[in-house]
Amino acid sequence: NAGVTQTPKFQVLKTGQSMTLQCAQDMNHNSMYWYRQDPGMGLRLIYYSASEGTTDKGEVPNGYNVSRLNKREFSLRLESAAPSQTSVYFCASSAGRLEGTEAFFGQGTRLTVV
Amino acid sequence: AQKVTQAQTEISVVEKEDVTLDCVYETRDTTYYLFWYKQPPSGELVFLIRRNSFDEQNEISGRYSWNFQKSTSSFNFTITASQVVDSAVYFCALSDLSGSARQLTFGSGTQLTVLP
């Protein structure tokens, strides 16, 4: 059972470089999310997609863009990486607003911007 | 806006001791869900429990138990007879109906270390 799959698992970028974090889920979930985890701050929502074709900003969207490519895939793009974006990134999915189910998380991507 | 506070940043106990992790939340919604997740040293997030705002019954699952009290906006987590494998970061999270999707707001986490 794959669940939520994130790639890559580790990445080092130089300041100003761009990259895309990929996320795919195989649970037929409607909603998908991108979180970042920083020490002492828990997980903070970057962007989310309530359903295919829609995306909305979360708590910390600056410096990021997202694409809900289809129901399975939700990518996060850093156009010009900054050291402040060094973090662990988690993708998650859930059935949707009314189903009352928990969110399932990927394994995380550890990103370092130097 | 919703908020989750986990005031205990780090807790250290000796194996077989009981330990309670505190969680206090804020929300304006009457319908909401509370969660606990475990993040072991390997880094993944493991779902432990979900509780809706209309169900205030306490729950026990093996050595784990949860105490939900709406009157104090708290959803505390107790591990009985702790084991070294319980060492992890534990997150409390709140999900309400704001926005178009069910969003999770996390607390800052409690690092639990169980010493042998």
Side-chain angles (χ1 to χ4, degrees), chain A residues 1-6 9-10 27 29-61 66 68 74 87-111, chain B residues 1-10 21-26 29 31-55 59 61 66 75 88-111:
Chain A
N1 296 334
V4 179
T5 303
Q6 289 181 235
K9 289 187 169 50
F10 301 93
M27 295 173 282
H29 283 170
N30 291 312
S31 301
M32 298 185 73
Y33 314 83
W34 277 105
Y35 287 87
R36 61 176 288 173
Q37 182 180 17
D38 302 295
M41 302 188 74
L43 281 79
R44 292 181 293 168
L45 184 64
I46 305 171
Y47 270 93
Y48 66 96
S49 171
S51 60
E52 186 178 353
T54 68
T55 61
D56 286 284
K57 295 178 180 179
E59 182 184 354
V60 289
V66 290
R68 184 74 182 266
F74 188 39
S87 187
V88 181
Y89 291 85
F90 286 96
C91 177
S93 70
S94 66
R97 181 179 178 182
L98 300 179
E99 284 82 354
T101 184
E102 71 271 20
F104 294 82
F105 286 81
Q107 293 283 84
T109 296
R110 188 172 294 275
L111 175 67
Chain B
Q2 59 271 37
K3 183 180 178 182
V4 177
T5 301
Q6 294 180 257
Q8 304 152 309
T9 304
E10 295 181 20
L21 309 182
D22 297 334
C23 173
V24 174
Y25 62 91
E26 298 175 27
D29 286 355
T31 302
Y32 52 89
Y33 291 80
L34 295 163
F35 302 79
W36 277 94
Y37 282 86
K38 174 182 179 180
Q39 186 176 44
S42 52
E44 75 273 22
L45 282 152
V46 179
F47 165 78
L48 295 178
I49 190 172
R50 176 182 71 252
R51 170 69 69 212
N52 76 56
S53 53
F54 299 108
D55 182 2
E59 182 157 341
S61 176
W66 290 269
F75 186 44
V89 180
Y90 290 87
F91 291 99
C92 180
L94 166 70
S95 175
D96 58 25
L97 299 184
S98 61
S100 58
R102 186 177 302 285
Q103 301 181 44
L104 278 173
T105 298
F106 284 83
S108 55
T110 298
Q111 170 72 61

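Just so we're clear, the structure is a prediction, and the values are computed from it rather than from any experiment. In the text below, chain A, chain B and the rest are named by the order of the sequence lines, each starting its count at 1.
Of the atoms belonging to A/Gln37, it is side-chain heavy atoms, and not backbone ones, that fall under 4.5 Å from chain B. For A/Leu43, the parts lying under 4.5 angstrom from a heavy atom of chain B are both the backbone and the side chain.
A 6.0 Å sphere centred on CZ of A/Arg110 holds no more than 12 heavy atoms belonging to other residues, nucleotides or ligands. Atom CZ of B/Phe54 sits in a crowded spot, with more than 12 heavy atoms from other residues, nucleotides or ligands closer than 6.0 Å.
If you take CD on A/Gln107 and CG on B/Leu45, they are separated by 9.5 Å, rounding to the nearest 0.5 Å. To the nearest 0.5 Å, the span separating CD on B/Gln39 from CZ on A/Phe90 amounts to 5.0 Å. In this structure, A/Tyr35 OH and B/Phe106 CZ are separated by 5.0 Å, a value rounded to the nearest 0.5 Å.
The candidate with the highest count of non-hydrogen atom pairs below 4.5 Å against chain A, out of B/Gly107, B/Ser108, B/Gly109, is B/Ser108.
Between A/Glu102 and B/Tyr37 the shortest heavy-atom distance is CB-OH, 3.8 Å.
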